[in-house]
Protein chains: 2
Amino acid sequence: MAQRLTTSPRAQARADMIERIKDTAREHLAADGPNLSLRAVARDLGVVSSAVYRYFASRDDLLTALILDGYAAMGEAIETAEGEVSRRTDLLGRWLAVGWSARDWSLDHQPEYALLYGSPVPGYAAPEATIEQAQRPVTVAMRILADGVAAGTLEVPADRLPRAVRADLVRIAGFPGFEGVPPTLLARAMSVWAQLFGSISFELFGRLKNGVTDFDAYFEHQLRVMARHLGLT
Amino acid sequence: MAQRLTTSPRAQARADMIERIKDTAREHLAADGPNLSLRAVARDLGVVSSAVYRYFASRDDLLTALILDGYAAMGEAIETAEGEVSRRTDLLGRWLAVGWSARDWSLDHQPEYALLYGSPVPGYAAPEATIEQAQRPVTVAMRILADGVAAGTLEVPADRLPRAVRADLVRIAGFPGFEGVPPTLLARAMSVWAQLFGSISFELFGRLKNGVTDFDAYFEHQLRVMARHLGLT
DNA sequence: CAATTGTCAAGAGCAGTGCTCTCTGTTCGG
DNA sequence: CCGAACAGAGAGCACTGCTCTTGACAATTG
């Protein structure tokens with residue numbers, strides 16, 4: 001039993017190989033886009049294609065692993081950036097840290113971003129685990145709002161919400177990590193979140209290319225507009 | 001010379017074939033996602049694969065044609081819906097028509113939406129013509145704002161814009177169809193546009209699935225939030 | 001009207017894909 | 001130390017986009 005827990009040499013070798021496969025897969029993702037070729041990955045590793053199937057049951061399985069890693073990496077990047085804001089009462093600063101780190105990570109990992117937030121792969125049905133991990137980034141933002149509400153420094157908007165919308169929001173507010181965010185504020189948060197990733201997608205997918213030139217300034221401005229909509233000063 | 005202009009039987013047959021190819025390609029797009037197979041399309045048409053190359057130089061060319069058609073179709077759907085609002089001074093009504101028709105079209109043409117607004121195809125570089133057509137839907141929204149400004153019924157926001165952002169916006173405001181929209185309002189419009197398509201993408205790509213249940217009510221609410229941000233009453 | 005020219009589809013073939021199956025070595029663990 | 005678990009190789013299937021050559025047909029011209 002103890003041996004099972006301490007990684008045996010074989011298990012270690014296996015874990016290493018899995019990591020190597022994922023790494024080269026990420027490289028190919030960056031080079032050739034989402035049309036990831038298992039054979040090409042195997043070739044790069046000096047291994048025949050069928051060998052890869054010892055580690056991943058299918059190409060989709062490999063993609064799922066990359067997606068999970070992606071959400072984790074992005075989530076961690078955002079959590080770290082947000083955690084480095086020393087004045088925890090500086091809600092605006094914390095929000096800006098979230099926004100910028102989300103965009104920075106996306107720009108630095110464009111193919112992975114496309115995998116996470118782009119069009120879903122055709123036959124591919126996202127496993128339960130992925131949609132769980134997907135909430136990790138947004139949770140950071142929710143904590144900022146909850147902190148503000150708890151401290152009384154963040155005004156809860158008095159928006160009128162239609163019945164059906166309110167019912168959904170009340171349920172969503174019960175998700176782990178979303179506690180302490182009242183429905184009206186949550187509604188605004190979800191709007192802002194759509195706007196944040198809409199903006200990132202527009203920029204990454206080239207939809208602003210023949211308009212905006214100073215992307216950083218434009219994004220900063222957008223972030224501040226969102227902040228004002230959330231009531232962050 | 002006259003014969004050249006009136007479609008000769010051959011040119012007619014050719015145009016028909018092109019249309020048939022695009023139609024079946026759209027069907028396959030709907031069934032199997034963006035992994036469009038030229039061979040499968042040819043099979044459906046009872047034709048060998050190489051024959052398709054008489055009409056489209058490559059698979060990418062066929063995709064480009066579908067993308068162009070997609071923007072045109074979506075643009076037309078939005079223009080029609082917006083045009084059917086009889087009280088032209090009802091800016092909010094016109095905006096709601098734009099938003100709803102954009103979402104309706106997207107829901108009814110999910111694979112095409114993914115092609116237009118999802119992650120870009122890897123090796124595929126969007127030709128100039130596509131990014132031109134891509135502005136057709138947004139132009140409709142701009143006209144609403146310009147009409148409001150011209151009539152004096154829409155207040156121009158007095159937002160403070162950073163220098164670099166303002167410079168970009170002034171240039172963008174000069175695009176054909178964007179005339180009469182002052183920079184501060186344009187900034188808000190672009191935010192809202194990102195939010196609109198962020199919301200549609202979130203819904204279509206399943207990112208709201210384990211939260212929202214009444215998608216229509218949620219979207220309507222979002223649209224009204226956006227409208228308020230634009231100053232539409 | 002006949003000949004030529006342009007167009008079309010077919011078929012073979014190339015290089016690549018995901019994936020399965022069988023076979024041979026190697027290495028670990030009781 | 002030996003049986004079992006494991007890793008990789010290789011062949012093969014059905015598929016993909018794309019190219020090139022060949023033969024048939026129709027349209028336009030002399």
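Hydrogens, waters and symmetry mates play no part in the numbers below; they use all other heavy atoms, side chains included. Residue numbering restarts at 1 for every chain, and letters A, B, ... go by the order of the sequence lines. Not measured: the values here are computed from a predicted model.
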(message) From OH of A:Tyr55 over to P of C:dG18, roughly how many Å is that when rounded to an integer?
(response) 18 Å

(request) Give one of base, sugar-phosphate or nothing for A:Val48, where a contact means two heavy atoms less than 4.0 Å apart. (result) base

(request) Whole angstrom is fine here: how far is it from CE in B:Met17 over to P in C:dT7? (result) 16 Å

(request) Name all residues meeting the side-chain contact (heavy atoms from CB on, under 4.5 Å) criterion together with A:Arg171; count only those two or more places apart in sequence or in a different chain, and write none if there are none. (result) A:Asp168, B:Thr213

(request) Quickly work out the B:Arg14 CZ to D:dA27 C1' distance and round it to whole Å. (result) 15 Å

(request) Could you tell me which residues satisfy side-chain contact (heavy atoms from CB on, under 4.5 Å) with A:Pro111, sequence neighbours excluded, listed by chain and number? (result) A:Leu29, A:Ala30

(request) Return the set of residues passing side-chain contact (heavy atoms from CB on, under 4.5 Å) with A:Glu132 (not counting sequence neighbours), or none when no residue passes. (result) none

(request) With sequence neighbours left out, write down each residue that passes side-chain hydrogen bond (donor to acceptor under 3.5 Å, both in side chains) with A:Arg103, or none if nothing qualifies. (result) A:Glu203, A:Asp216

(request) Could you encode protein contacts along nucleotides 14-22 of chain D as a string, one character per nucleotide from 5' to 3', using B for base contact, S for sugar-phosphate-only contact and - for no contact, with a heavy-atom cut-off of under 4.0 Å? (result) --BBBBB--

(request) Using side-chain contact (heavy atoms from CB on, under 4.5 Å) as the criterion, list what pairs up with A:Leu185, not counting sequence neighbours. (result) A:Leu145, A:Val149, A:Leu154, A:Pro157, A:Val181, A:Pro182

(request) Would you kindly give the CG-to-P distance between B:Asp16 and C:dC8, to the nearest whole Å? (result) 12 Å

(request) Would you mind checking if A:Glu79 and A:Arg136 are paired as a salt bridge, meaning a charged N to carboxylate O distance below 4.0 Å? (result) yes

